[in-house]
Each structure stands twice: as structure tokens, then as C-alpha cells.
2 protein chains.
Amino acid sequence: MTAMTLLPLSPRETARRRLLDALRREGPMARVEIGQHLGVSPASVSDLTASLLDEGILVAEETADPASGLIRGRPKTRLYFAETLGSVIGVWTGFNRIELRLVDSAGRNRASRHVERPLRSLGAEELMDVLAGTITAFAEETGARDVKAVGLACQGYVDTKDGIVAWSPVLGARDLPLASGLGDRLGKPVLIENDASAMAFAITQRNSDLRSGRTACLMVGDGVGLGFLIQGELYRGARFGGSEFGHVRLRRSGPQCRCGGRGCIEAYLADYALHRDAQLIDHRPAPTLLLPSEGAMGAIVAQARAGDPALLNLFQAAGEVLGDAVGILIQTLEPDHIVICGPGTRAMDLLRPSFEAALDSQTIPELRALAAIHVVESSMDLLTEGVVMQALRELDLDLARLKAA
Amino acid sequence: MTAMTLLPLSPRETARRRLLDALRREGPMARVEIGQHLGVSPASVSDLTASLLDEGILVAEETADPASGLIRGRPKTRLYFAETLGSVIGVWTGFNRIELRLVDSAGRNRASRHVERPLRSLGAEELMDVLAGTITAFAEETGARDVKAVGLACQGYVDTKDGIVAWSPVLGARDLPLASGLGDRLGKPVLIENDASAMAFAITQRNSDLRSGRTACLMVGDGVGLGFLIQGELYRGARFGGSEFGHVRLRRSGPQCRCGGRGCIEAYLADYALHRDAQLIDHRPAPTLLLPSEGAMGAIVAQARAGDPALLNLFQAAGEVLGDAVGILIQTLEPDHIVICGPGTRAMDLLRPSFEAALDSQTIPELRALAAIHVVESSMDLLTEGVVMQALRELDLDLARLKAA
DNA sequence: TTGTTTTATTCATAGATCGAAGAAATGACC
DNA sequence: GGTCATTTCTTCGATCTATGAATAAAACAA
């Protein structure tokens, strides 16, 4: 699945996308409501929905809206995605874990699962075999019928347009044509995306405030990533990748990072880093870079909350790095919104004092005041949600172009 | 002059702007050439140019293109800006210097000048009186007839849309309504812009490669600023300002910066910083934050090139900071082009070894390779060129809307 | 049955762009 | 000098998108 989103869209395609996006976010709507929601005339909505009904993408709901029982006038006929359109699978690949999600064409969750599986040591072909196998097994287990596309999110610099992983610390890959490799194995279109971008997309889809202006979503979890959106659309750098902000070096000789460098933001804040450093405090065996379980991370956080001074130091240092990172974002991009998200927010109470001190100490107060900072508690499955939404959008376009041809 | 550029433009206005921009960049062109240049049909060009000729913005050249003497067929009639449209003044305000430039409506330079004048100590009203006086005097000296607008660039966070300087280290201003204040005094529309953004705009207007994709222009001079462009249009943060990348803190307890903080990028790289630190080496009197003359800076560079070890250390540290700064830009924004520009490039030979070492040591090689780094030697007068171009663009829009009303 | 109200569609219009046909202005050639 | 070829520019009709206004549709209310 070449990400056609990134190529210029015709006015019709843009309008169509806006309509379908709104329906996925808001649920079934009548034509009038769609018009009001999008700021478009009823005539245009009628025209657009006529094509979409004709193509079988939308269907009119049989049952009337129960809430409208008391109002008189012609009842609304709400429109929604046809059940017969099939489903889409979203995947996230971490250092040693694969998360999977099955959704229908409306984006509603049907099943989700995760599998523990180290991926770093695998060669390119083996990696793609394992992923294809895992996805196929998931589809079979869940009885997924008619899977139309697969979306996959992973850490690293991902060329979403051409479907190539240019660089990834968790896959150990260089210029890996993952989309075509998986696509060939599965016989379906595959869209790939940077994981922080995927989560940022999911979060902004859920909050309309974050879709206007500029929103920087800093995801803290397995790694640290940045998803940056301008007017609700993901920012793309050279080769249409996202950002590798997590691998900005903040301290010249800091702890080891998965990328091979030292002192990266990620090397202080990511789960693997906190877990490793907590192990070192207890003089445990050689640290690994594996993604620790949520249970293990919860134990560390609980121990810190209980007052363990060494662990408190760890979180204090991490909070300081987080403050420095957000400070750089503010002074560089001056976003309207900064969202701190991902599993790492579980320890936000421990991070916050040093986070705010570091942030305030290095930003110009007038500029600091312009950015609203949101903390959104979100787990890894928001990643699969984000990438699945993107795959659905691409599918919408494919269907339109299929009809046109 | 409320910067209407930042409000959504109608399709007609967008087409009109693209046409006039192309004419200013390329010089007089025939309609066919414009069509080829912009990728637009001859019919559309005819339509647009008819309005522009009608409005008196463009005129057809009387003299035929001498190069086309040998070719047969109907000769081209080249179009260009009417001489009668008046002129525009561009201004840059530094810490203790004002640069001025007068251009005609085609953007051609007519006169330029600079004035030494400390501005930091002035109050808001006094500052605007001084600026208005300087601009009026410049207009009189140069015999500028019919000045239609003024563009002013300065350091700091500038709300270009509403014409307010939200924060500026050189003006000591907070939320200063500079555009309206100057506009009232001069009786003309005034556009204000961050200085690094203005220079970035001028540089990208001169090089078409830099107008596609994402271009980050790091200006090193009186201060350090970032102008970031996406597809040739300036990136705007919250409140429609640019970036204050120069005040990103790189070293936790580095040298004093004009912004009041310590260890900012600017505090190592700006002319005032290098000059101050060079003075300190020689145990000269208390350092000031004044902008040193080009002569003084040239002397320091010459002395370093001659092998002065203390000065070489200074430039080595500055180069390292430059490398760190560019590294952050690459990993955060992954631009297609990075331009290092401004008077600071005069010492690029001294900066380069430590610059490249620092850059390579902290960027992921695969990502580092995606960004082309350009060094553009450019003096302060490219700043006034940039802001004058922007004021001209606004004027184009004003004229169109005047006719429409 | 006849209105009233709200929803949805149809239709004519406006704006923008384009391809193709035609008009204009010149040199080439006999 | 007259005709033709060639290139530039304009005009005209067609297409596409979006809209307001008029119309049709589907209910409830009296």
C-alpha cells in the first residue's frame, strides 16, 4: 500500500476523506449533521454521500434515531459504514513484543492481542516471515473475515510513502522494504508508519482541540518518539518519515541508548532505560534492552512512590530530561499543544517536579506560556489504533480510485 | 498591515501570488513563459494577467526581447511591474544598529543604508519614535517617492499576523504593538517579521531547490535564529511567530545570553558572544552585548586564522555548538535542506572541523545523510531583502482586495 | 385531511481551470 | 509583395466543485 495520502489529493478526494474521517470519529450521523460538522452545504453532502452509498461504502441505518422520537418533521436517516466492507489489522512491533488489533471498516475494535517475541536478532527475511505468520495466526484465531489491509507501526525512521524502514533501533534494519515484503507474504496492502506518529494521530483524532494549530505529541514508552501534527495532519520530514526526536542527544556522556549513541532523550526516559537503571541499582545481572512488562514497570514505580531514594533519583533525572526535551520543542516549534503520552505517563507524578523545574529554567516565560501541555495516559494499544486508522484512510482512497478507473 | 498572508487565500489570490512571486524572482516574462514556469495553462495566464494589467500592477514591455530576434512567429510581449506603483522600505533593527533598504515594486534595490543607534535602553514610545524618524529621514535622503509600505525585521518572537512583538531580547519588549505603532506614525501599512525568518525567505526565494520540501535556515549573526520553510512557505508556530531556536539551551551552565539565560546556542555563536569572549581573553574592559562592527569581527577571525590558540579554542567551541544545533534540527525535523547563513559564515573555515565532528557524533548516519547542508554567505542586508519581499506580497494582496471592494 | 416542520434532493449559478479553436503578429520563402 | 508557417495570445465551451434556492419527501399535529 503506497501511502497515497502523501500525494496531492483532488478536491473531491479531500472532501470525501473529511467526511469519512468525521463518521469514524463521531459515529453514525445524518446528512444535516455531517454538513454542520464539516461546515459544508447540505447540497454538497448529498452529492458526496450519494456516491459513497452507491459504492457500498456507507449504508443508511434502518432504525431511526431513538432520541428524535419527540421531534416532528422528516426523521434523520443516519449513515454509517457498511458491515460488509471487511476488516483491517493493526500491528505494533516493539523490541520483544508484537501488539495486534482487528477493527472493522468503521474503525471499531473487534479483537486485540499481544505476543512476546524478540525480533532484534532476526534477519530481514526471517523477520518478515515471523511478522506475516503472527498476523495470519491472529486473523485465524479471531475469525477475522475478509481482512482488507494491514497497518504496521514500529520505532525508527519509516518512509511511509514508499513503505521502507530507513532505520530502526528495534528491528536492526537499514532500508528494509517492509511494506512490500509483508504485502507479498500476506497478499494484502500493508501501510507502515513510525509508532509515535501513529499514536499522535490516534490522540488527535480523539480530541478536536488538538487538530487545529500545531500539536507535538511526545510518546514515552518502549522508546521515546515524537509525532508532530500541523492542522491535524502528520508532519513528514525528508523521505516522508517522521521525527527521531527521541534520539536527540541531551547529555554528552549519558547512558547507553538502543541507537548506539549515548545521552539520548530515550536513554533516560524509555521503559527499557528506567528498568535497566533500576536493575543496576540493585546490582542485578547484566541489563538488557528488552521491553519490561507493565507489571515490572508498575513495581518500580510503586517502590519509588514508597520512597526508595535511589529510584526517586532515577525518576528525578528522567523528569529533568523530559523538561529539557519539551523545552527544546517549545523554543524550536512553538506548538499550540504539547501532549505527553504513552505508558511512561504512569509515573508522571514522580517526573513532574523536576520536569517543571527543568522546563521553566530553560524556556522564555512568554513563549512557555503559549504552549498548552496535556498529559494523556495512553497504553501501547493506542499505537495500533493510530496505524489502523491510517490504513483505513488509505483503503478509502483505494476504493474511490478503483471506482474511478 | 495585518499580514493577510496568514489567513486563508482564495484560489484566485493564490494563483495571483504565485504569478507575481515568479515575476519578482525571474524578472520580466512573456505569458507563455509564465505558464511553463508555473505549470499552468496559457488560458489561465491570460485571464490572470488581464486583471493585473487592468489594475495597473503589471505593464507590457514596449521593447521586444532582443534574444528573440532570430525566431519567427508572433514576438513575445514580456510583462513586468509598473514603474508607477511606488516603493517599499525594509528595515532591520539590531541591538545597536538599524539597516534600511528601499526597493521598487518589482523588488529591485534602489538604496540602502545603515545607522548606528542603541535601541535596547529605549521605552516603547521612544523606540517607535526613533524608528519612525529614522525611516522618514531615510526616505527623504534617498528621495523615495510614494513609499507604499514598510517591512521591519527584528530578533525575537514576532506575531506577524497581528503585528505584535511578543518578546524580543534586543528591543527589551513584551507584547509591543510595533506594526500599529509604526503604522500610525508613518501613515503607512507596516509588516513585522522575525529576522531569521526574513533571511530564510530571501534565501529560498533565490534558490528554487530550497523551495521544495522542508528547509531549515540557521542564521548566525547578531544573534542566532531559525527560519523554517515547508514547500517554500514560512512555518509559523503559536501566535503565528517563528522559532526561537537560538535560545535553546545546549549547555546547562554556559555563557550568559542576551535572553537572560545561560548556555543558549546564541551565547556561543552570535557575533556579540564571540566578540565578548575574545575581549575577555585579552582582559579587556567589561564586555557589552553590543553588535560589534564587521571590522572588529574580521580582526578576530584574522587573528584566529593566524593561529591564536585562545581564539581558535573559541571558534572550536562555537563550531561544536553549531554541530549540536544542526544535529537537533536533523533528528527533530529531518529537513531536506539545512542552510547555514548570515554574517557568522565568515568564520565557517574555523568552525567546520568541530562542527562536523559534533554533528556526526550525535546523529544517526542514515538520517544525517538525508539532509543536504548548504553554507550561504550572506550579510545583514539579506534580512531587509527578505522582509521587503514579504511586505510587497502583502501589498499585492491589498491591491487585489481594494479592486474587489 | 390539511398544515407544519425538518430532512434530503434537484437545479441553476458561480468560480476556477483547461483544451481546442481562432485571432494576431511576425519571419520565411517564392 | 503576397502567401504561408510559426509562435503568441485570446476566446469559447466544457468540466469540476461547491453553493443557495426551490422542491420533494417524510414524518407528526390538529
Side-chain angles (χ1 to χ4, degrees), chain A residues 8-20 22-23 28-54 58-80 400-401 403-405, chain B residues 8-20 22-23 28-54 58-80 400-401 403-405:
Chain A
L9 299 184
S10 72
R12 184 88 178 172
E13 286 169 327
T14 307
R16 184 192 168 96
R17 156 158 299 183
R18 294 217 310 141
L19 196 155
L20 295 178
L23 275 181
M29 277 194 282
R31 292 173 181 78
V32 242
E33 296 166 332
I34 294 173
Q36 287 158 6
H37 198 83
L38 299 179
V40 156
S41 74
S44 303
V45 178
S46 252
D47 185 34
L48 264 174
T49 53
S51 325
L52 290 164
L53 287 164
D54 185 51
L58 298 183
V59 287
E61 279 195 343
E62 291 301 316
T63 57
D65 188 357
S68 69
L70 300 175
I71 314 157
R72 60 191 200 159
R74 177 173 173 174
K76 300 175 178 185
T77 50
R78 300 197 301 171
L79 304 175
Y80 207 50
R401 300 201 173 168
K403 286 282 166 178
Chain B
L9 300 183
S10 70
R12 183 89 179 174
E13 286 169 328
T14 307
R16 185 191 167 96
R17 156 158 300 182
R18 294 217 311 140
L19 195 156
L20 294 178
L23 274 182
M29 276 193 283
R31 293 172 180 80
V32 242
E33 295 166 333
I34 295 173
Q36 286 159 3
H37 198 83
L38 300 178
V40 156
S41 74
S44 302
V45 178
S46 253
D47 185 34
L48 263 174
T49 52
S51 324
L52 291 165
L53 288 165
D54 185 51
L58 297 183
V59 286
E61 279 194 343
E62 290 302 315
T63 57
D65 186 357
S68 69
L70 301 175
I71 313 158
R72 61 191 201 162
R74 178 174 172 173
K76 299 174 179 186
T77 50
R78 300 196 302 170
L79 305 175
Y80 208 48
R401 299 203 173 168
K403 286 280 165 178

Atom pair distance, as rounded to whole Å: CZ in B/R72 and C1' in C/dC30:
13 Å
Roughly how far, to the nearest 0.5 Å, is CZ of B/R17 from CG of B/L9?
5.5 Å
Rounded to the nearest Å, what distance is computed from the CD atom of residue A/Q36 to the P atom of nucleotide C/dA8?
10 Å
Whole-Å distance separating the CZ atom of B/R16 from the P atom of C/dT17
13 Å
Take the protein atom CD1 of A/I34 and the nucleotide atom P of D/dT19, then report the distance between them rounded to whole Å.
14 Å
A/E61 CD to C/dT7 C1', straight-line distance once rounded to whole Å:
16 Å
Expected output: side-chain A/Q36 to main-chain A/E33 donor-acceptor under 3.5 Å
no
Identify, with sequence neighbours excluded, every residue that meets side chain to side chain donor-acceptor pair (under 3.5 Å) alongside B/S10.
B/E13
Strictly under 4.0 angstrom, non-hydrogen atoms only: write out the protein contact profile of nucleotides 9-17 of chain D, one letter per nucleotide from the 5' end, B, S or -.
SBB-----S
Nearest 0.5 Å, what's the CG-OH distance between A/L23 and A/Y80?
7.5 Å
B/L38 CG - C/dA16 C1' separation (whole Å)
15 Å
Can A/M29 and A/R78 be said to form a side-chain contact (heavy atoms from CB on, under 4.5 Å), step by step?
CA-CA 5 Å; A/M29 277 194 282; A/R78 300 197 301 171; 5.9 Å; no
According to a strict under-4.0 Å criterion, is A/S41 in side-chain N/O contact with OP1 or OP2 of D/dT19?
yes
Side-chain donor-acceptor distances from residues 45-53 of chain A under 3.5 Å, at least two apart:
from, atom 1, to, atom 2, distance (Å)
A/D47, OD2, A/R12, NH1, 3.0
A/T49, OG1, A/R31, NE, 3.4
A/T49, OG1, A/V45, O, 2.8
A/T49, OG1, A/S46, O, 3.1
A/S51, OG, A/R12, NH2, 2.8
A/S51, OG, A/D47, O, 3.3

